[in-house]
Protein chains: 2
Amino acid sequence: MKSHLLAYSHFTEEEIAKVLYHFEEKKFKKRDLVIEAGHVDSYQYFITQGCVRGYIVDYNGKEHNIAFGFEEFWFGDMESFTNNTKAHYNYQALEDLTVLAISKSNWDKISNEVPAFIEYSRNLFRNAMIFQQNRIAKHLMQTAEQRYEQLIYENPKVLQRISLKNIASYLGVTPEFISILRKKAAQK
Amino acid sequence: MKSHLLAYSHFTEEEIAKVLYHFEEKKFKKRDLVIEAGHVDSYQYFITQGCVRGYIVDYNGKEHNIAFGFEEFWFGDMESFTNNTKAHYNYQALEDLTVLAISKSNWDKISNEVPAFIEYSRNLFRNAMIFQQNRIAKHLMQTAEQRYEQLIYENPKVLQRISLKNIASYLGVTPEFISILRKKAAQK
DNA sequence: CAATACTCTTGAAGTAGTTCAAGAAATCAC
DNA sequence: GTGATTTCTTGAACTACTTCAAGAGTATTG
């Protein structure tokens with residue numbers, strides 16, 4: 001399971017064992033909060049089963065989804081993890097969820113023991129950064145309709161596993177408007 | 001100059017020298033393109049003087065700014081740099097510009113010679129990722145007016161050094177609308 | 001220092017997406 | 001399996017932001 005992931009960088013068998021040793025399996029029920037904004041959460045989570053949404057709550061109490069995660073994805077509140085500050089984002093299980101969790105201290109321990117792990121995590125962060133930058137570019141370039149169509153085209157499992165309401169929030173529009181888009185698309 | 005930057009991670013004097021050795025100073029005139037979309041650009045650039053904008057061109061030929069960079073900032077097309085593919089983004093000097101450029105091969109060389117550099121770059125990428133994620137969150141939560149006010153409040157040098165047109169493009173609105181916002185703010 | 005080219009502003013008309021309210025359909029809890 | 005909650009749809013009125021066009025102000029160039 002994890003070794004599949006570790007194809008990202010070059011590890012020896014021994015190193016993989018060292019890395020895996022520091023992970024801890026955790027389970028959550030659908031709707032449970034894995035990370036709660038306002039609390040320190042110094043873990044990173046690797047999803048083995050289920051899916052999550054990351055969201056932030058604005059001053060009006062409205063929720064805005066910033067990310068979805070499925071099997072083989074990492075998630076975590078990076079600022080809280082890195083600086084030991086309060087998390088800005090919530091992460092909630094959208095299905096029953098199994099994760100491999102790793103604490104900051106174990107993460108640092110691995111980084112010291114296994115140099116390839118630093119490189120691995122550097123690649124993770126870099127890819128995350130590229131993803132986020134592309135997401136911003138799409139937001140600037142595309143209408144909500146184009147963003148919706150591209151999302152379900154590129155990532156069909158989002159449509160199957162994520163509610164319209166959550167997709168709308170991720171795209172930055174209202175659920176009502178997605179409904180209008182669906183009707184429009186169906187008429188073609 | 002660079003040693004100021006290298007306060008980010010822990011380096012010995014010798015390591016700093018090794019790192020600096022692989023950089024190359026380059027100068028650009030105002031309006032020059034440092035990176036051109038569609039071409040491979042396997043460099044990262046550290047700004048010592050001047051500022052740049054990163055932008056992408058959509059199917060209608062419209063430009064959308066995804067980033068600004070000032071002194072002591074890194075920029076580069078991360079995908080092109082990492083995978084040796086064609087750049088998606090353009091980077092243009094908005095003032096006469098001096099950068100320290102480092103090629104992918106030198107970057108990798110340093111990574112092998114100086115372990116602290118891997119950690120340094122991991123921190124860079126992580127911070128960039130956090131920044132981009134927060135930017136997305138702001139886009140989802142705030143109106144254009146709120147984004148404009150927060151930008152000039154948090155980053156006054158943007159207002160001083162970047163044209164309204166480029167600020168508008170960064171915020172994802174038209175220059176005309178920013179003009180309306182300014183008028184509105186002045187009336188208060 | 002004149003010519004040209006950008007930058008910023010203003011206004012009027014248009015549109016993408018929102019809000020609110022209410023009903024139908026699906027899912028969840030006991 | 002029935003009642004309660006949540007999800008999705010529909011419609012009508014609204015608003016944040018755009019588009020187009022034109023003019024004034026400010027840089028840039030030869």
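Throughout, a chain's letter reflects where its sequence line sits, starting with A, and its residues are numbered from 1.
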Got a donor-acceptor contact below 3.5 angstrom from the A:T98 side chain to the A:T48 backbone?
-> no

Atom [atom1] of [X] to atom [atom2] of [N]: distance rounded to whole Å?
X      : N      : atom1 : atom2 : value
B:H139 : D:dC17 : NE2   : P     : 11 Å
B:K165 : D:dT26 : NZ    : C1'   : 15 Å
A:N166 : D:dT7  : CG    : C1'   : 11 Å
A:L164 : D:dT6  : CG    : C1'   : 13 Å
B:E149 : D:dA16 : CD    : P     : 14 Å
A:K30  : D:dT5  : NZ    : P     : 17 Å
A:E63  : D:dT6  : CD    : P     : 12 Å

Taking OP1 and OP2 of D:dG11, is either one under 4.0 Å from a side-chain nitrogen or oxygen of A:K183?
-> yes

Using the side-chain hydrogen bond (donor to acceptor under 3.5 Å, both in side chains) rule, pick out the option among A:R126, A:R122, A:E119 that qualifies with B:S121.
-> A:R122

Extract, from 5' to 3' on DNA chain C, the first and final nucleotides lying under 4.0 angstrom from some heavy atom of chain B.
-> C:dT7 to C:dG11

Contact residues, residues 170-178 of chain B to DNA chain C [heavy atom, < 4.0 Å] = B:E176

Parallel, tilted or perpendicular: rings of [Y] and [X] (30°, 60°):
X      : Y      : result
B:F75  : B:Y91  : parallel
B:W107 : B:W74  : perpendicular
A:F117 : A:Y120 : tilted
B:F28  : B:Y45  : perpendicular

May I ask you to check whether A:N106 and A:Y43 show a side-chain donor-acceptor distance below 3.5 Å?
-> no

Where each residue is assigned the nucleotide of DNA chain D containing its nearest heavy atom, which of B:R147 and A:I180 is assigned the position nearer the 5′ end?
-> A:I180

With B:E95, which of B:R161, B:R53, B:K30 fulfils salt bridge (Lys or Arg N to Asp or Glu O under 4.0 Å)?
-> B:R161

Does a side-chain N-to-carboxylate-O contact under 4.0 Å join B:E71 and B:K157?
-> no

Contact summary for B:A137 and A:Y89, nearest pair of heavy atoms = CB-OH, 3.6 Å

Remember a base hit wins even if backbone is also touched, and classify B:S179 as base, sugar-phosphate or nothing at under 4.0 Å, heavy atoms.
-> base

Base, sugar-phosphate alone, or nothing: which one does B:K62 contact when heavy atoms must sit under 4.0 Å apart?
-> sugar-phosphate

Please give the angle, rounded to 10 degrees, between the axes at the start and the end of the helix from C:dC1-D:dG30 to C:dC30-D:dG1, where five pairs define each axis.
-> 70°

Report yes if the distance between the aromatic ring centroids of A:Y170 and A:F68 is under 6.0 Å, otherwise no.
-> yes

